[in-house]
2 protein chains.
Amino acid sequence: MEKKKYERKTMQTKKEIKDAFISLIEEKGFNAVTVRDIATRAKINRGTFYLHYLDKFDLLEKCEQEIFQKIEGIARELNSSNMKELFSSGRPLPFIVNLFHYFQKDASFLKVILSPKGDPLFEEKLRNTIIDNMFRNISNIPNMSNLNIPLEVMTQFISSAHLGVIRYWLNTDMKQTPEEISSMLVQMILKGPLEASGLIKIIMEQK
Amino acid sequence: MEKKKYERKTMQTKKEIKDAFISLIEEKGFNAVTVRDIATRAKINRGTFYLHYLDKFDLLEKCEQEIFQKIEGIARELNSSNMKELFSSGRPLPFIVNLFHYFQKDASFLKVILSPKGDPLFEEKLRNTIIDNMFRNISNIPNMSNLNIPLEVMTQFISSAHLGVIRYWLNTDMKQTPEEISSMLVQMILKGPLEASGLIKIIMEQK
DNA sequence: TCAAAATTCAACATCGTGTTCATTTAAAAG
DNA sequence: CTTTTAAATGAACACGATGTTGAATTTTGA
């Protein structure tokens, strides 16, 4: 009760700053947002902003850290899933499903930050996180060197495809359930997108 | 010979501006680059910059326009390829192969502009261009509404996967030939990345 | 009510911006 | 080589965002 005495007040101010920040990124893009803008929108003094953050980059970093801490939490609470089981079952990784569930909750921020108005570095970090958790126990597999396609090329393909679908899902207001969308993803990964969607069949049946 | 009299001089200055611009984006990212920086690096007066461009955003736009004009040229010179033939042959679309050939030439700019230090909107525009040219004659196909996976989800998956591989290829100094890398891509699209790479087989053979 | 913490307010030097205008430099043409 | 004319320079300007300071004020919890 010593250090937390005035915590509530501080937290409220920080929340107002973050809310203003997100709405401003959505409107004009992160780069165009100024500390003035944030202070005005949050109805605080510009000096108050600097009591909590070094600058707008610091604020961005703090916001992103929150997200990654939650993702780490999700990854930790899952027993590292068995790849072999995944591949034969055709079911999405529990990590991915839970990720979509979480994204649904923090959609407003994630949608903005993953858009072209947001932070390109965030997408890169998120891609790496997804790959790390997806192939967590794959490094010990031998004979990796003689793949038809370099492992790195494949992981870039998979992680980018995931991010593309995540971005689309957020931008279209999450019409599908987390289970539906992650199931689509795993089907496209396992069979290829043309086969999984059935499009290839339709095209082939045409004269 | 009326208007082009002093064209050479102008062009040289513009080239110096663009070269300085690209190297500066690579160093500090587009957002951190100032007109001052560009003028200093290009060894011109700051005022001279404004004789040619409105601001750094205008310069960025002009640079990107050049790229898209070249891509349009590539798309035009190809007879719109037959999807059915593509799917049964397992060969990459000529458009994609030619795109990689062109990317190899303008690699220095494309690598930078597609990186997190570049312009996120450029990637989005490039993704749309790729999809437009890939599925050019697909809108007339009936029964699209009852696909297993919404067409938009599939196209986001495919275009994002392509961009991921393109980014990787540029960042690793294009170790594969355009033919090789686009062949990997089409294999991953047709069979799925795990099957195409052979990784799934290796994992399944493990006890 | 009182003390501490959080916030406000005004002021400051610094830097990048975009514009201007007179001047200088350099290229093409005679 | 000289003239013409476009391109580039250099200096100055007002503006707005930055990050910092110190004193005053408000809010909070005890």
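Between the base of C/dG18 and the side chain of B/Arg46 there is a donor-acceptor pair shorter than 3.5 Å.
Considering every non-hydrogen atom in both A/Ile25 and A/Phe30, the closest pair reads CG2-N, 3.7 Å. Closest heavy-atom contact between B/Ser182 and B/Ile96: CB-CG2, 3.8 Å.
Heavy-atom distances to DNA chain C give each of B/Val35 and A/Gly47 a nearest nucleotide, and the one nearer the 5′ end belongs to A/Gly47.
A/Asp19 and A/Arg41 are not joined by a salt bridge, as no carboxylate oxygen comes within less than 4.0 angstrom of a charged side-chain nitrogen. Between B/Arg91 and B/Glu179 there is no salt bridge, since no side-chain N of the basic residue sits under 4.0 Å from a carboxylate O of the acidic one.
Defined by atom type and a distance below 3.5 Å, a donor-acceptor pair is present between the side-chain atoms of A/Glu16 and A/Gln12.
Applying the 4.0 Å criterion to OP1 and OP2 of D/dG10, one finds that B/Asn45 has a side-chain N or O inside that range. Between B/Tyr6 and C/dA27 there is no side-chain polar atom (N or O) within less than 4.0 angstrom of OP1 or OP2. Proximity of A/His52 to the phosphate of C/dT7: a side-chain N or O atom is located under 4.0 Å from OP1 or OP2.
Residue-level contact check: A/Leu51 touches the bases, meaning some heavy atom is under 4.0 Å from a base atom. Using a 4.0 Å heavy-atom criterion, one finds that A/Thr34 contacts the sugar-phosphate atoms exclusively.
Straight-line distance from the CD atom of A/Glu7 to the P atom of D/dT27: 21 Å, rounded to whole Å. Look at CD on A/Gln12: it is 14 Å from C1' on D/dT26, rounded to the nearest Å. Distance, B/Asn31 CG to D/dT18 P: 14 Å, rounded to whole Å. In this entry the distance linking OH of A/Tyr53 with P of C/dT7 reads 11 Å, nearest Å. C/dG18 atom P lies 9 Å from atom NZ of B/Lys56, rounded to whole Å. Taking atom NZ on A/Lys28 and atom P on D/dA17, their separation rounds to 8 Å, with Å as the unit. Atom OH in B/Tyr50 sits roughly 15 Å away from atom C1' in D/dG10 (whole-Å rounding). We find that CE of A/Met11 is positioned 16 Å from P of D/dT28, with the value rounded to whole Å.
Checking D/dA12, C/dA6, C/dA28 against the side-chain heavy atoms of A/Lys9 singles out C/dA6 as nearest.
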